[in-house]
Each structure stands twice: as C-alpha cells, then as structure tokens.
There are 2 protein chains.
Amino acid sequence: MRPREFDHDDVLRIAFDQFWRKGVRGTSLSDIARDAGVQRGSLYNAFGSKEALFLQAYERYAGDYLLALQKALGTGSLRKRLTAFFDLTITNFRSGSPPRGCPTTRGLMELGAAEGEGLDEAARQAFASLVSRITALVQDTLSAAAKRGEFNGNPAAAALHIITVTRGLAVLERAYGDEVQLRKIASHTIDLVLDKKGS
Amino acid sequence: MRPREFDHDDVLRIAFDQFWRKGVRGTSLSDIARDAGVQRGSLYNAFGSKEALFLQAYERYAGDYLLALQKALGTGSLRKRLTAFFDLTITNFRSGSPPRGCPTTRGLMELGAAEGEGLDEAARQAFASLVSRITALVQDTLSAAAKRGEFNGNPAAAALHIITVTRGLAVLERAYGDEVQLRKIASHTIDLVLDKKGS
DNA sequence: AAAGTATTTGACACAGCGTCAAGAACGTGG
DNA sequence: CCACGTTCTTGACGCTGTGTCAAATACTTT
C-alpha cells in the first residue's frame, strides 16, 4: 500500500475549524484542501464525501466537548455545577473571533433542512445524539442532587428544560451576539429551576 | 413601461414556501423559477439577488406571523395567553409535511454563518428584529398581567426566558421531531414562570 | 403610429460537488 | 533485489447553482 501523505486527524481538526467558522454549506472542500495542504481529490478518497468528512470531524468535537461538560458538572453544590455547565456552554458559543456559535445547533438547523436525503439524516442523528447525551448528563446530576436533598424538582423535566434553554441561548447568540445577555438568561434559568417548589 | 408578467406577491409566497421547506442555501433560484413559472433571469431583474428575494419573502412572513402571535396573546388569563402563545409557536414549527421547523431559527443559524458578507448581515438583522418584536409582545403581556396582579415576577427577565425557550424548542424540534415532548417542555416552562415567587 | 422604457430571454463566466481514469509511491513476495 | 499489486494522488470532466450582460420583446406614452 502507498502510505497517506497527510495526517488523518490533522485534516479532521482543520476541517472542523472551517465548518465551525463558516457553516457546513458555506465551507467548500477546496477551502479545506487548501488549508490542509491536500488535494481535493485526496479528501474524497479518504473520506468519501463532504458530509462524511463533516460527520467524522463533528464526532471528534462531540467527544471532547462531552468530556469537558462532564468535568464541569462534577464538582461543588448543584448551583455551582449548573453555573459551570452554563458557563462552559456559553464560552463554547463565544469562542473564536468572530464567535462561531454552537456547532451542534447550527448544524441541526442547517442540515436538518433537506427532505429525504440520506446523509443529512445521519448528520441529524449525530447532532441529536450529542444533545441526548448532554441531557442525560444534566439529568444524572440533578438526580444525584435530589438524593442528597439538594434538589426537589423532577430531574427529567428540569434537565429537558435546561437543555432547551441552552439551545435557545445558542440561537440568541447568533441573533444578538450579546454575551452578557446570555449569562443573565442562564443565571435566571438556574434560579427558576432551583427555586421551583413541588414536582 | 412593459408590465411584469408575474405577480410579485405570488412569487414571494412561492419562494418563501421553498425556502421554508428546503432552507435558504438548499433552495435554488431555478427551483423557485420553475415553481413560479418565471424565468430565472426575471427573478434577478425583479429582486436583485437570492438573498434579497429571501429577505422580502421573509418580511412578508414575519408580518403575518407577528399578527397571529399578537392575537394569541390577547385573550384570557395569563396562563391561557402563554399557553396560546406556545401553542401557536409549536404549531408553526410543525406545519407542513414533513414539518418545516422554525424559519427564523433556521435562517439565523444558517445565514449567521458567513463572516463579513454584507447581505448575510441584513438577513441576521431581519431575524433578530422579529425575535425582538416577539419578546416585546410577551413582555407587554407580562407587564399588563403584573399590573392586574396576575404576575409577580420580572416581566423583562421572564419574557427573555420565554423567548429563549421557544428558540430552544425550535432546535429540539429539528433534533427529535417529537411534538409531544415540545408541548411538555412548554407547559413546564409556563409552570416555572408563573410559580416563581419574588423578583 | 413612433419612440421610449422596462421586462424577458438566452448565453456566458465562475465556483462548488462529485466521479473517473491514469499516474505515482510504497510494501511485499519471489 | 526486483517486479508486482495495492493504495494514494492528480488532473480533467460533467453537473448544478449564482450572478451578469446584451439583445430581443412588449407594452405605454406622446
């Protein structure tokens, strides 16, 4: 076999950076090829298609991001954990200059569009999967807190609510780009969730 | 002057339908031209560019949608008003088959991508403007309810929170397509907002 | 009726996606 | 140590989509 002349992971990282900055549809394989110092055809040979390349690059990101969230949710009082969770979420949206937004949310709204195309469906599942795993993480944190008497609401409902708010924050970030506003909403949400009385 | 051979508003409606179903980047002017029975060049002559056409079509939708929301928020107890508001929001996401999602949220995440292109910025403002106007509508409703003693929270913060949740619902809709789940989240949100004690 | 003006039409240039055949580089078996 | 086969690379091609332009067209106005 002839060995590959470029590093698979390097290309994935470079590609995801472009996808993140310019959107999936807004990034051309020529851009990635130029940035990575690789011929366009080689990308097709190695990854098959633009969407397949994106998916691999996204999975890479998703794994890293999930680990970071897990860490953020792992220490301190429930309020501290949730605050760290929202902090990391917002910091992620606002990373880069200009800020790149939430790749999951952007991908979902961008690719969840086409009707009936096979690969878009695979992408949708990848996005949905990360959202589900984050929801589970939050729910576990709430359940554990409930056992310790730190939380007296419904963990499943509250986790879903929190996830919904984070997705909404990703949208407002694109609309206004106002980080202070995002943090206010996050803080208000934590108050709402923790102050809730029964059920 | 030679008169135009097609109806301006018809084209806007047909175009928006396509944009809504297939996304802005996923819709070609050829698609719209075919659907509208118009030559592609005529669209450029009449609207200037794809984005300009989309913007006009979107403004048309935004006006109609805002009116409907205003109506939904106009009658009954605060809980009834908010329920009607979320109902209309979710119904809007779920309209069409397959469901088309929220055009504003999809547009924001899809077009808010490119860095520094002029027309994308105009689109971003159009989306942000509708979001702002809806927020104002909700806030006014809450303020009025507060004066009647029906609500004792902070109208501005609560309105922002509600808007954030609706944007999050738009994202979850694309991720899971589960309308029942969306309605549960909405109902839970109303509970949270109305049960909140001080501040 | 003739002139003027806006619209339509079709051709063009350009960029992006994806495919293909041909060439190149490396490991492996004789 | 050399020839073979496998895999990667390269460049050309077809297709679709965006946007531009000049020429042709059809209507209104004088």
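The chains referred to below are lettered A, B, ... by the order of the sequence lines, with proteins before strands, and numbering in each begins at 1. Side-chain atoms are counted along with the backbone in the values below, which use heavy atoms only and exclude waters and symmetry mates.
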Check your understanding: Closer than 4.0 Å, any side-chain N/O of A:S42 to the OP1 or OP2 of D:dT9?
Key -> yes
Using 30° and 60° as the class boundaries, would you call the ring planes of A:F16 and A:F54 parallel, tilted or perpendicular?
parallel
Taking for B:D31 and for B:G48 the nucleotide of DNA chain D with the nearest heavy atom, the one nearer the 5' end belongs to B:D31
Taking for B:E5 and for B:Y44 the nucleotide of DNA chain D with the nearest heavy atom, the one nearer the 5' end belongs to B:Y44
Given [options], identify the nucleotide with an atom nearest to the side chain of [X].
| X | options | answer |
| --- | --- | --- |
| B:R4 | D:dA12, C:dT7, D:dT20 | C:dT7 |
| A:F6 | C:dC17, D:dT9, D:dT20 | D:dT9 |
| B:Q39 | D:dT18, D:dG11, C:dT9 | C:dT9 |
| B:K50 | C:dG16, D:dT9, D:dG19 | D:dG19 |

[X] [atom1] to [N] [atom2]: how many Å, rounded?
| X | N | atom1 | atom2 | answer |
| --- | --- | --- | --- | --- |
| B:E51 | D:dG19 | CD | P | 8 Å |
| B:F47 | D:dT20 | CZ | C1' | 18 Å |
| A:L43 | D:dT10 | CG | C1' | 13 Å |
| A:Q18 | C:dG16 | CD | P | 12 Å |
| A:F54 | C:dG18 | CZ | P | 14 Å |
| A:H8 | D:dT9 | NE2 | P | 11 Å |
| A:F19 | C:dG16 | CZ | P | 13 Å |
| B:R40 | D:dT20 | CZ | C1' | 10 Å |

Side chain to side chain contact (heavy atoms under 4.5 Å, CB included) test vs A:T164 passes for just one of B:V171, B:L172, B:T166, namely B:L172
Taken in chain and number order and not counting sequence neighbours, the residues that satisfy salt bridge (charged side-chain N to carboxylate O under 4.0 Å, His left out) with B:D87 are B:R183
* Would the B:Y58 and B:F19 ring centres measure less than 6.0 Å apart? -> no
| Ionic contact status for A:R94 with A:D178, cut-off 4.0 Å | no
